[in-house]
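The next block holds one structure in the form of structure tokens; read it before the comments.
Each chain gets a letter, A, B and so on, in the order the sequences are listed, and its residues count up from 1.
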Amino acid sequence: MSNNEEVAPLDFIRQIVANDVSEGKHQGRVVTRFPPEPNGFLHIGHAKSICLNFGVASEYPGGQCNLRFDDTNPLKEEDLYIQSIRTDVKWLGFDWQEHMYYASDYFEPLYKFAERLIEDGHAFVCELNVEQMREYRGTLTEAGKESPWRNRPMAESLDLLRRMRAGEFPEGRYTLRAKIDMASPNINMRDPVIYRILHAHHHQTAGQWCIYPTYDYAHCISDALEGITHSLCTLEFEDHRPLYDWILDRLSGVLSCHPQQIEFSRLVLEYTVVSKRKLNALVRSGAVDGWDDPRMPTISGLRRRGYTPSAIREFCRRIGISKTPNNVELSLLESCIRDDLEQHAPRAMAVLNPLKVVITTVAEEHCAELSAANHPQNPALGSRKLYWMREIIIEREDFAENPPKQFKRLVPGGEVRLRHAYVIRCDEVIKDPASGEVVELRCSHDPATLHANPSDRKVKGVIHWLPLARSCPAEIRSYETLFNTANPDEEWQGDDFTRLLNPNSLQILSASRIEEGLQNLPPGTIYQFERQGYFCVDSKYSSPGKPVFNRTVGLRDSWGKQQNKES
RNA sequence: UGGGCCGUCGCCAAGCGGUAAGGCCCCGGAUUUUGAUUCCGGUAUCCCCAGGUUCGAAUCCUGGCGGCCCAGCCA
């Protein structure tokens, strides 16, 4: 180990954990949990939490991270989401081993503890309805009023709770509330509801229960029952920590563990929304093609787009963990996937928008094999054959009759190199007489330039190409951001988000052509199409012989940037 | 004059009283059969502001200012 190796600084949570371990707190154990509610698909914000929780646990011998479904609201949850969450966490590269749990696993002990809270005078059954409870709660600046049921005899509350469980009452008739302080400046402490009646089928417990614990009540106890040492959550739960601690303190006689809740700031990514409600609205409205639409910031969307687990993990590492607002630019995410794919993606050529070129110096039936390396820096990725023929295609935008300054591609009378092949000169431009559109180029090639540069002149540009007869059609889907504003979350009002949508977020190029060897690739296969970007075989629309590629991300484009600046 | 939290480069983020790490972005330049990659070099005399303590403050104290979260029987 070299002594000049930089040691990455620990974030504030890892500092706390390291400190606790060195002090022997929790017998030196580190147990965390990732606790999603199964009411939607996981997104990039969850990835941050997953990387933190599983990451911290993995950094200690015997460290453990549980996957726990926080399933206390049967109205919003579905088994479908449980499956997708498991898939996504695994795909990201994390392993909960045998530690997969449900908050609903604890419904029985949770209920027992509730009876105990009543017995100890810490909870009561309330008859206020929703509107009344809101009135009694007070406001941010005024204290609340105590419920008239607050001091009902303990035996009566106990009886009522048992009958609530037995299903004797309709929804909303009664609630169980913690007896804390209606004058607390922290609204969460104003006698919060901890059980409500819900005559609903639960995806795990079916019809077993008709009363369900609330998040605040269930979460802390679930943590304690699992022996969690550090309960990591986002900043909006900071105000709930006093309640978390209050409940565990009342139950300290029966619970031997009191986890420490620590909050960090949630991720906000430019040009996206990261709220299940809003993602759901996008899906329902048909603005996107499902939760896994490649424009979605969901894990499944990123996967379909071509993002790799390691790129997402690297992104989470780079954004860090802190309590300051984590407003991250898209360029950071893009740089993570480029860094990964630059090393690992084999190269190939694709012509997105073809322009026919006839090489007049090549005979009609001529077909010569050329060899092209699959990666310029990594010979281990091997090489493939290319075919040199009379009729080829190039990218339309690689030819210009009236080139802008600094244009290094093909111009009338000018030369350019064809990648992995020869230098060609444009001798003639053929246009459609009616429209004036360039329909074909006639070029001659210099046979001395296959693996050598001409000694008498300098050829600056290199463009990609394909032999027309030995290329295949492909559909290429190119994406821009889903929203036309960097802060769609802020500008999102009510349910009208359509004005925020970028009309160009999906462009389908159906006249594109690819190397013939790319015709039958399995879904998810990633290539770099040289000079263009990284592309991935779509898992939904691609079929053998009819490939569909998603553009994961473009290559850095200093030329395009320069053009934009000048226009 | 409700409570909680946060303010270090355009965006993240180290820093924990000894004189501003790093990444992304950006700008130069070199190499290049991807205008990619790689490689060099540049970019905060200053840490929200104002006072104070100290030999010394982004770090401590006081007072301001700005931002975020909370009034679901959601999580």
Side-chain angles (χ1 to χ4, degrees), chain A residues 6 8-11 15 35-37 39 70-73 75-77 126 128-130 133-134 137-144 171-172 174-177 184-190 192-198 211-212 214-216 218-219 233-242 263 265 270 276-277 317-336 338-339 342-343 347 349 372 375-377 406-409 417-423 449-453 459-464 528-533 554-562:
Chain A
E6 298 282 331
L10 297 181
D11 59 66
Q15 287 179 28
E37 183 188 14
N39 68 342
D70 218 333
D71 56 349
T72 56
N73 186 355
L75 268 23
K76 294 190 173 175
E77 297 152 8
C126 185
L128 258 26
N129 63 31
V130 175
M133 204 169 305
R134 185 157 43 232
R137 188 154 33 230
T139 69
L140 293 178
T141 53
E142 300 159 39
E171 290 184 8
Y174 294 101
T175 56
L176 180 67
R177 296 226 260 161
S184 171
N186 181 345
I187 291 186
N188 296 119
M189 300 298 270
R190 319 239 261 229
V193 169
I194 60 177
Y195 262 98
R196 73 282 211 193
I197 299 171
L198 252 27
I211 59 172
Y212 291 93
T214 58
Y215 163 84
D216 284 308
H219 201 92
C233 61
T234 44
L235 249 27
E236 63 268 27
F237 292 101
E238 236 159 358
D239 288 344
H240 295 244
R241 180 157 28 98
E263 311 85 9
S265 56
E270 264 188 0
K276 282 187 201 162
R277 208 197 104 241
R317 191 191 65 74
R318 291 191 199 176
I319 62 178
I321 297 291
S322 72
K323 299 186 75 158
T324 62
N326 201 212
N327 299 313
V328 177
E329 291 175 343
L330 216 46
S331 63
L332 186 61
L333 215 212
E334 293 179 339
S335 115
C336 292
R338 285 199 192 103
D339 282 0
E342 156 61 25
Q343 297 177 58
R347 274 93 231 253
M349 292 195 285
H375 193 290
Q377 276 85 235
Q406 318 268 318
F407 192 73
K408 297 204 304 198
R409 285 110 99 145
R417 173 174 290 284
L418 296 178
R419 177 76 165 147
H420 298 301
Y422 300 92
V423 170
T449 55
L450 185 51
H451 294 295
N453 281 320
V459 177
K460 314 179 293 270
V462 181
I463 63 174
H464 57 276
Q528 182 196 101
F529 291 157
E530 288 198 89
R531 303 209 308 130
Q532 299 184 122
L555 256 27
R556 269 194 194 86
D557 181 14
S558 54
W559 169 244
K561 221 171 275 169
Q562 187 182 326

Acceptor/donor pairs from residues 317-330 of chain A side chains to any protein atom, 3.5 angstrom cut, sequence neighbours excluded:
from      : atom 1 : to        : atom 2 : distance (Å)
Arg317(A) : NE     : Glu314(A) : OE1    : 3.0
Arg317(A) : NH2    : Glu314(A) : OE2    : 2.8
Arg318(A) : NE     : Glu314(A) : OE2    : 2.8
Arg318(A) : NH1    : Ser335(A) : OG     : 2.7
Arg318(A) : NH2    : Asp339(A) : OD2    : 2.8
Ser322(A) : OG     : Thr324(A) : N      : 3.3
Ser322(A) : OG     : Thr324(A) : OG1    : 3.1
Lys323(A) : NZ     : Glu238(A) : OE2    : 2.6
Asn326(A) : OD1    : Lys48(A)  : NZ     : 2.8

Would you say [N] has OP1 or OP2 under 4.0 Å from some side-chain N or O of [X]?
X         : N      : answer
Arg347(A) : U34(B) : no
Ser322(A) : C6(B)  : no
Gln15(A)  : G15(B) : yes
Arg531(A) : G35(B) : yes
Thr324(A) : A13(B) : yes

Which nucleotide in [options] has an atom nearest any side-chain atom of [X]:
X         : options                : value
Gln406(A) : G15(B), U34(B), G35(B) : G35(B)
Pro9(A)   : C25(B), A21(B), C12(B) : A21(B)
Leu332(A) : G35(B), C16(B), G23(B) : G23(B)
Val462(A) : A14(B), C24(B), G35(B) : G35(B)
Asn326(A) : A13(B), U34(B), C25(B) : A13(B)

Between the side-chain atoms of [X] and the base atoms of [N], is any donor-acceptor pair under 3.5 Å?
X         : N      : answer
Arg409(A) : G35(B) : yes
Glu329(A) : G10(B) : yes
Glu238(A) : C6(B)  : no
Gln377(A) : U38(B) : no

[M] and [N], which share atom name [atom1], separated by this distance in whole Å:
N      : M      : atom1 : answer
A71(B) : U8(B)  : P     : 27 Å
G28(B) : G67(B) : C1'   : 36 Å
U38(B) : C24(B) : P     : 9 Å
G2(B)  : U45(B) : P     : 37 Å
A13(B) : C39(B) : C1'   : 25 Å
C47(B) : A14(B) : C1'   : 13 Å
C48(B) : G7(B)  : C1'   : 6 Å
A44(B) : C26(B) : C1'   : 15 Å

What's [X] touching, base or sugar-phosphate or nothing? Going by heavy atoms closer than 4.0 Å.
X         : result
Gln528(A) : base
Ile321(A) : sugar-phosphate
Ala143(A) : nothing
Lys323(A) : sugar-phosphate
Phe529(A) : nothing
Lys561(A) : sugar-phosphate

Using both distances under 3.5 Å as the test, list the Watson-Crick or G-U wobble partner of [N], or none.
N      : value
G66(B) : C6(B)
C39(B) : G29(B)
C46(B) : none

Is a side-chain donor or acceptor of [X] paired with a backbone partner of [Y] at a separation under 3.5 angstrom?
X         : Y         : value
Glu77(A)  : Asn73(A)  : yes
Arg190(A) : Arg137(A) : yes
Thr214(A) : Val193(A) : yes
Arg417(A) : Ala421(A) : yes
Arg134(A) : Asn129(A) : no
Ser184(A) : Ile187(A) : no

Under 3.5 Å side-chain donor-acceptor pair for Arg419(A) and His464(A) =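 Short answer, no.
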When you check the side-chain N and O atoms of Glu263(A) and His240(A), is any donor under 3.5 Å from an acceptor?
->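 Distance-only check fails for Glu263(A) and His240(A).
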Starting from [atom2] on [N], measure out to [atom1] on [X] and report it in whole angstrom.
X         : N      : atom1 : atom2 : value
Arg318(A) : A14(B) : CZ    : P     : 16 Å
Ile463(A) : A36(B) : CD1   : C1'   : 16 Å
Glu142(A) : G3(B)  : CD    : C1'   : 15 Å
Arg419(A) : U32(B) : CZ    : P     : 14 Å
Ile319(A) : C25(B) : CD1   : P     : 16 Å
Arg556(A) : A36(B) : CZ    : C1'   : 9 Å
Asp339(A) : C24(B) : CG    : P     : 7 Å
Arg317(A) : G22(B) : CZ    : P     : 14 Å

Which residue, Phe407(A) or Ser335(A), contacts RNA chain B at a nucleotide closer to its 5' end, judged by nearest heavy atom?
->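 Its nucleotide being nearer the 5' end, the pick is Ser335(A).
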Specify the closest pair of heavy atoms between Thr449(A) and Val423(A), including all atoms of both residues, with the distance to one decimal.
->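 It is OG1-N, 2.9 Å.
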Sugar-phosphate or base contact per nucleotide [nucleotides 68-75 of chain B; S, B, -; heavy atom under 4.0 Å] = -BBBSBSB
Could you go through the side-chain contact (heavy atoms from CB on, under 4.5 Å) check for Asp70(A) and Tyr215(A) one step at a time?
-> CA-CA 8 Å; Asp70(A) 218 333; Tyr215(A) 163 84; 3.8 Å; yes
Since syn is defined as within 90° of 0, does G64(B) count as syn or as anti?
->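 That one's anti.
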